[in-house]
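Report on the following structure.
All residue numbers in this chain count up from 1 along the given sequence.
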Amino acid sequence: MAMQSKLVDLRNLLAERFPQSVLSSASFLTTGLRPLDQVTGGGLPKGAITELISPHPSAGTGLLIYSLLETAQRNRFFLALIDGRDSFDPGGPGQVRLRHLLWVRCRQALEAVKAADLLLRDGNFPLVILDLVLNGMNELRKIPQTTWYRLQRLVESAPSAFLVLARHSVVSSAQIKLVLENRWALPDLEQDRHTPRLTFRVQRVQGARQQLESAG
C-alpha cells in the first residue's frame with residue numbers, strides 16, 4: 001500500500017509539472033507529419049514520454065519510423081531507434097537516411113528498456129524511439145511501472161522527445177497517449193501510389209481534463 005501511495009503521489013506531481021496549458025510550440029519536436037503535428041498541437045513534446053498505441057497489425061508503425069527518419073535527415077539531427085524485437089528493416093528508408101540513425105537491436109523488452117535508460121542519460125538525441133510493438137504482453141508486464149517513472153524523470157532533464165510504440169498501453173507516466181488508427185491490408189497499399197496517410201487520435205493528455213479531438 002505504501003508503494004502504491006507513492007506512485008499515486010508521483011503521478012500527481014507529473015501531472016502538475018506537465019499541464020496541457022503550458023505546452024508551447026517551442027516545447028515540441030516537429031515531426032513533419034501534418035496529422036501528428038496537428039493532433040498534438042506541435043509535434044512530440046520534449047522532456048516527456050509520448051506513448052503511441054498501435055492496436056492493429058499493419059497499422060503503419062514502420063511507415064511512421066521511416067517518416068521520422070526522413071525528418072531527421074532533413075533537419076540534420078540523429079534519431080535513436082531502440083528495436084525491441086530486432087524487426088526494423090534498414091532497406092526501407094535508404095542508405096542516406098540511415099546516416100542519421102542509431103539502431104539498437106534488442107530481443108527482449110527489458111533489454112530494450114535498459115538501452116532507453118542509457119540513451120536518455122546521454123541526452124544527445126533529439127528523438128529517442130522505443131519500439132515494443134512486437135513484444136508480447138507477457139514481456140511488457142514484467143516492466144515495473146517504477147521503471148517508466150524513472151525514464152520520465154530522465155527525459156525531463158534532457159532536450160529530447162521520447163516516443164514509445166506498443167500494441168497496448170503500458171506507460172502510465174506518458175504525458176501524451178496517442179492511438180494509430182490505420183488498419184491496412186496489402187491490396188490497400190498496392191493500390192495507393194502515394195504514401196498512405198497515417199491517422200492519429202489523442203487518447204489522453206496528462207493533466208488535461210478532457211480528451212482532444214481526433215485528427216487524420
Taking the side chain from [X] and the backbone from [Y], do they hold a donor-acceptor pair closer than 3.5 Å?
X: Asp89; Y: Gly91; answer: yes
X: Asp131; Y: Val133; answer: yes
X: Ser87; Y: Asp83; answer: no
X: Asn135; Y: Glu139; answer: no

Go through the steps to decide whether Phe125 and Leu79 satisfy the test side-chain contact (heavy atoms from CB on, under 4.5 Å), and finish with yes or no.
CA-CA 6 Å; Phe125 295 92; Leu79 181 157; over 6 Å; no
Evaluate Val113 against Thr147 for side-chain contact (heavy atoms from CB on, under 4.5 Å), listing each step before the verdict.
CA-CA 8 Å; Val113 168; Thr147 297; 3.4 Å; yes
Under 3.5 Å, is there a donor-acceptor pair linking the side chains of [X] and [Y]?
X: Glu181; Y: Thr199; value: no
X: Thr30; Y: Asp37; value: no
X: Lys177; Y: Ser169; value: yes

Which heavy-atom pair separates [X] from [Y] by the least distance, and what is that distance?
X: Leu132; Y: Ala112; value: CD2-CB, 4.1 Å
X: Trp148; Y: Val170; value: NE1-O, 3.4 Å
X: Arg167; Y: Ser54; value: CD-O, 2.8 Å
X: Leu163; Y: Leu52; value: CD1-CB, 4.0 Å
X: Glu51; Y: Ala174; value: CB-CB, 3.8 Å
X: Pro45; Y: Gln175; value: CB-OE1, 4.4 Å

Spacing of [X] atom [atom1] and [Y] atom [atom2] [to the nearest 0.5 Å]:
X: Ile53; Y: Leu180; atom1: CD1; atom2: CG; result: 10.5 Å
X: Ser173; Y: Gln145; atom1: OG; atom2: CD; result: 7.0 Å
X: Gln108; Y: Ile143; atom1: CD; atom2: CD1; result: 11.0 Å
X: Phe200; Y: Leu33; atom1: CZ; atom2: CG; result: 6.0 Å
X: Asp86; Y: Leu134; atom1: CG; atom2: CG; result: 10.5 Å
X: Gln38; Y: Thr31; atom1: CD; atom2: OG1; result: 10.0 Å

May I ask whether [X] and [Y] are part of the same hydrophobic cluster, defined by side-chain heavy atoms of I, L, V, M, F, W, Y residues being less than 4.5 angstrom apart, directly or through others?
X: Leu29; Y: Leu130; value: no
X: Val164; Y: Val205; value: no
X: Leu81; Y: Val155; value: no
X: Phe77; Y: Leu101; value: yes
X: Val202; Y: Ile49; value: no

Heavy-atom side-chain contact between [X] and [Y] under 4.5 Å:
X: Lys46; Y: Ser160; answer: no
X: Phe78; Y: Leu102; answer: no
X: Leu69; Y: Leu98; answer: yes
X: Leu36; Y: Leu178; answer: yes
X: Leu44; Y: Phe28; answer: no
X: Leu64; Y: Leu165; answer: yes
X: Phe162; Y: Ile129; answer: no
X: Arg97; Y: Glu70; answer: yes

Just checking Arg74: does its CZ atom have more than 12 heavy atoms from other residues, nucleotides or ligands closer to it than 6.0 angstrom?
yes
Taking 4.0 angstrom as the limit, do Glu111 and Lys114 come out as a salt bridge?
no
Who pairs with Arg121 by salt bridge (charged side-chain N to carboxylate O under 4.0 Å, His left out), at least two apart in sequence or on another chain?
Asp117
Do Arg105 and Trp103 form a cation-pi contact, if we require the NZ or CZ to be under 6.0 Å from the six-membered ring centre and within 45 degrees of the ring's axis?
yes
Ser157 meets the side-chain hydrogen bond (donor to acceptor under 3.5 Å, both in side chains) criterion, sequence neighbours left out, with none
Compute the centroid of each ring, for Tyr66 and then for Phe88, and state whether the two points are separated by less than 6.0 Å.
yes
